[in-house]
Amino acid sequence: MAILAQTTNFVARTQATLEKAHRYQEKYNIFVTIDDEGAIQKAQELEQKAQAGAKLGQLAGVIYAAKDNFLCPGSDTTASAKILTDFKSPVTSTVIEKLNAEDAILIGKTNLDAFAHGSSTENSYFGPTKNSKDLERVAGGSSGGSAVAVALEIVDFALGTDTGGSIRQPASFNGVYGLKPTYGANSRYGVVAMASSTDCIGFFTQTAQDLDLLMQITSGQDPKDLTTLPDFYRHDDGFNDPIKRIGIIKEFDNDAVDPEIRQAMAQEIETLKNQGHEIIELDMPTLKYALATYYIIVPAEIASNLARHDGIRYGFRSADSEDLMSLYQNTRNEGFMSENKRRIMIGNYVLSSGYYDAYYLKAAKARTMIIEEYNQAFKQCDFILTPVSPNPAFKLGEKVNDPVAMYLEDVMSVPLNLAGLPGLTVPVGKTTAGLDLGLQFIGPRRSDAKLINFVANIKEKN
Ligand code: GLN
């Protein structure tokens, strides 16, 4: 398990990494682009800097990949959607800028469900990414490529986005750590928007300690994203307070959850008890509305955010159009995946006059109740432990034609996005078939530093 630290032999290490990335690409379909030229150039610059005796950044030579919904010039940013193919971004996302300023080396952009809509990376225009432990199974999603790139140890860490589980679920399916920070912790500037009120920028790593370093570097207020929180990530503020009480949600322990995941939960609870933690049973009856609430609010925001893709401003434009209206229609029809279209239609429906009150407004109220339920829960406990999803990695093709089955994947991951809370996937072992199992710890808003520290400590003791 690598802990992120400055490396040496920048060019040789980058070359070896690129070679490995290309080799695995054929088998797993991890990347949308591998930027050989850009990565080597950065490595050469670092080598020159080092030779000149200049001070190197905290991540000098650390190699990473970014989900292909992070904008950066140098390669296309497609969000794995046809409608963005050939789109060259004029801007760099704030998070990538901060990582590059610390001399990390970006080697490529990873595959995702188009526009991050999905839980398996099968909704990608470039085809699915394969699971790191079983080529017949999904990588999880939507940040499947980033999860697999870290699981196969191609890169030291990877960037992802989590709107409703897209970091935590693929992390769990591939045996790596995955952090979805508090909403507003990391700038969303320069990241293709899915649902602006729940989108979060986070990481896949091989250790919890790595998350700590990355959050120190990337979080904080950004004038380009007015939802960012000032002075966010600190080690003071009760950072080392003893964490005693871990909440378990009763409603999540039921027959719909895979027996091996229930067993992993039971084992983790034992470990926590042995380490002196108190387990608190929580009643959270409102959470059963979270999935329905999410699948109203998120499509509504998607419909608004995707309205800008008209064939005029970005990337792909349909060739056979006679007038402006058919250009819009054909571009959007050919450029979006079915899942994108489904969400645009649901979103416009729930926002339309006559249905707004019945759906969107009701969902907004339910969201407030969910936030309140978490507030009450965190009066009784410090962190909450739950499964990430009801099952381990499923077979390719198993759910992709059944949207409701795919949405049900998200039943345990979306509630905290609605409340803006941090969640951290921790790998806890394997199924008898050798698939990875992860569980998630959830904290109150702004508890990210404590949450990461807590997880690092329990893993060290284990
Ligand atoms: N699987 C969820 C969805 O399809 C979450 C996606 C995400 O977090 N980007 O909406």
Side-chain angles (χ1 to χ4, degrees), residues 18 20-36 65-70 75-87 107-152 154-155 158-161 163 165-167 169-171 173-174 176 192 194 204 306 309 314-316 318 331-343 392-403 405-407 409-410 435-436:
L18 289 167
K20 187 171 179 181
H22 283 288
R23 189 155 32 90
Y24 278 121
Q25 173 65 6
E26 284 171 31
K27 217 164 146 187
Y28 294 92
N29 195 27
I30 301 162
F31 295 94
V32 176
T33 31
I34 301 176
D35 184 11
D36 298 81
K67 188 175 180 179
D68 200 29
N69 55 356
F70 284 79
S75 60
D76 298 346
T77 299
T78 68
S80 287
K82 182 176 179 182
I83 205 161
L84 276 179
T85 46
D86 295 333
F87 170 61
I107 64 148
K109 310 286 290 298
T110 58
N111 198 15
L112 62 147
D113 289 295
F115 287 106
H117 304 171
S119 315
S120 68
T121 314
E122 289 168 288
N123 292 332
S124 165
Y125 177 60
F126 304 107
T129 298
K130 314 282 171 59
N131 185 279
S132 58
K133 307 298 175 314
D134 182 343
L135 288 165
E136 288 180 6
R137 289 182 186 264
V138 300
S142 63
S143 319
S146 284
V148 174
V150 174
L152 295 174
I154 300 171
V155 290
L159 277 172
T161 57
T163 302
S166 283
I167 291 176
Q169 186 252 29
F173 281 11
N174 292 283
V176 295
V192 177
M194 177 175 166
F204 295 89
L306 294 188
H309 297 284
Y314 314 95
F316 167 78
S318 171
T331 299
R332 288 171 69 83
N333 189 32
E334 290 166 40
F336 286 127
M337 306 291 284
S338 321
E339 185 57 31
N340 307 139
K341 293 178 199 169
R342 189 174 293 122
R343 292 183 190 217
F394 46 94
K395 287 251 167 76
L396 286 157
E398 193 181 319
K399 302 188 187 204
V400 73
N401 296 317
D402 184 349
M406 194 67 94
Y407 297 167
E409 257 312 289
D410 306 333
L435 300 175
D436 287 310

Do Lys82's NZ or CZ and the ring of Phe316 fall within the cation-pi criteria of under 6.0 Å and 45°?
yes
Has [X] got a side-chain atom pairing as donor or acceptor with [Y]'s backbone, closer than 3.5 angstrom?
X: Thr331; Y: Ser318; value: yes
X: Thr33; Y: Asp35; value: no
X: Lys130; Y: Asn29; value: no
X: Thr77; Y: Asp68; value: no
X: Lys109; Y: Phe70; value: yes
X: Glu122; Y: Val138; value: no
X: Ser143; Y: Gly160; value: no

Non-hydrogen side-chain atoms of [X] and [Y] separated by less than 4.5 Å:
X: Asp436; Y: Ser132; answer: yes
X: Ser166; Y: Lys67; answer: yes
X: Asp113; Y: Ser120; answer: yes
X: Asn131; Y: Val148; answer: no
X: Leu152; Y: Ile30; answer: yes
X: Ile107; Y: Leu18; answer: yes
X: Asn174; Y: Phe204; answer: no
X: Phe394; Y: Met406; answer: yes

Would you give the length of the straight line joining atom [atom1] of [X] to atom [atom2] of [Y], rounded to the nearest 0.5 angstrom?
X: His117; Y: Ser80; atom1: NE2; atom2: OG; answer: 12.0 Å
X: Arg342; Y: Asn123; atom1: CZ; atom2: CG; answer: 8.0 Å
X: Glu339; Y: Ser142; atom1: CD; atom2: OG; answer: 11.0 Å
X: Gln169; Y: Glu409; atom1: CD; atom2: CD; answer: 5.5 Å
X: Gln25; Y: His22; atom1: CD; atom2: NE2; answer: 8.5 Å
X: Phe31; Y: Ser146; atom1: CZ; atom2: OG; answer: 8.5 Å

Of all heavy-atom pairs between [X] and [Y], which one has the smallest distance, and what is that distance?
X: Asn111; Y: Gly127; result: ND2-O, 2.8 Å
X: Leu84; Y: Ala79; result: CD1-CB, 4.0 Å
X: Ala116; Y: Asn69; result: CB-ND2, 4.3 Å

What residues form a ring-ring contact (aromatic ring centres under 6.0 Å, His included) with Tyr24, not counting sequence neighbours?
Tyr28
Evaluate the ring planes of His309 and Tyr314, with Trp represented by its six-membered ring, and classify them as parallel (under 30°), tilted (30 to 60°) or perpendicular (over 60°).
tilted
Tyr125, OH atom: more than 12 neighbouring heavy atoms under 6.0 Å
no
My understanding is that only residues two or more places apart in sequence, or in another chain, count here; which of them pass side chain to side chain contact (heavy atoms under 4.5 Å, CB included) with Ala114?
Ala81, Met337, Asn340
Can you list everything that forms a salt bridge (Lys or Arg N to Asp or Glu O under 4.0 Å) with Arg137? Sequence neighbours excluded, please.
Asp134
